[in-house]
Colleague: 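For reference, the structure I am asking about is given below.
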Amino acid sequence: MQAGFTNRGGKGSHRNFVHPHVAKPLTVSGKTGSDAKHYQEKSVERAIEESKS
């Protein structure tokens, strides 16, 4: 993932991304390459904005 996030791994189809400036890990579910759910897109946008602070 761009923007300085690191994939910390996960179970099954879940992936956890961490960033030094973001308080909570970002969990994304679904297979790699599949479309994200609407609520996941919002979570990613919020995490990216928080990482810029």
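The shown structure was predicted, so the numbers you read here are calculated from the model rather than taken from an experiment. If you read the sequence from its start, that first residue is 1, and numbering goes on from there. Just the heavy atoms: all of them, side chains too, but no hydrogens, waters or symmetry mates, feed the values below.
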Colleague: Quick one: pull up OG1 in T27 and NZ in K11 and give me the separation to the nearest 0.5 Å.
Modeller: 13.0 Å
Colleague: When you check the gap from the basic side-chain N to the acidic O, do E49 and K52 get nearer than 4.0 Å?
Modeller: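 Looking at K52 together with E49, the answer is yes, because their closest N to O distance falls below 4.0 Å.
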Colleague: Do you know the tightest heavy-atom contact between L26 and A47?
Modeller: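 Answer, listing the atom of L26 first, then A47: CD2-CB, 4.2 Å.
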Colleague: Which heavy atom of S51 sits nearest a heavy atom of A3, and at what distance?
Modeller: OG-O, 4.4 Å
Colleague: Quick check against the 3.5 Å criterion: does H19 have a side-chain atom that pairs as donor or acceptor with the backbone of E50?
Modeller: no
Colleague: Heavy atoms only: give me the nearest V28-V44 pair and the separation to one decimal.
Modeller: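 So the two residues come closest at CG2-CG2, 4.5 Å.
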Colleague: Using atom types as modelled and distance alone, determine if a side-chain donor or acceptor of N16 lies under 3.5 Å from a backbone N or O of G9.
Modeller: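 Yes; judged by distance alone, with no hydrogens or angles, the pair exists.
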Colleague: Nearest 0.5 Å, what's the NZ-OG distance between K37 and S43?
Modeller: 13.5 Å
Colleague: Where is the tightest heavy-atom contact between S29 and Y39, given as atom of each residue plus distance?
Modeller: OG-OH, 4.4 Å
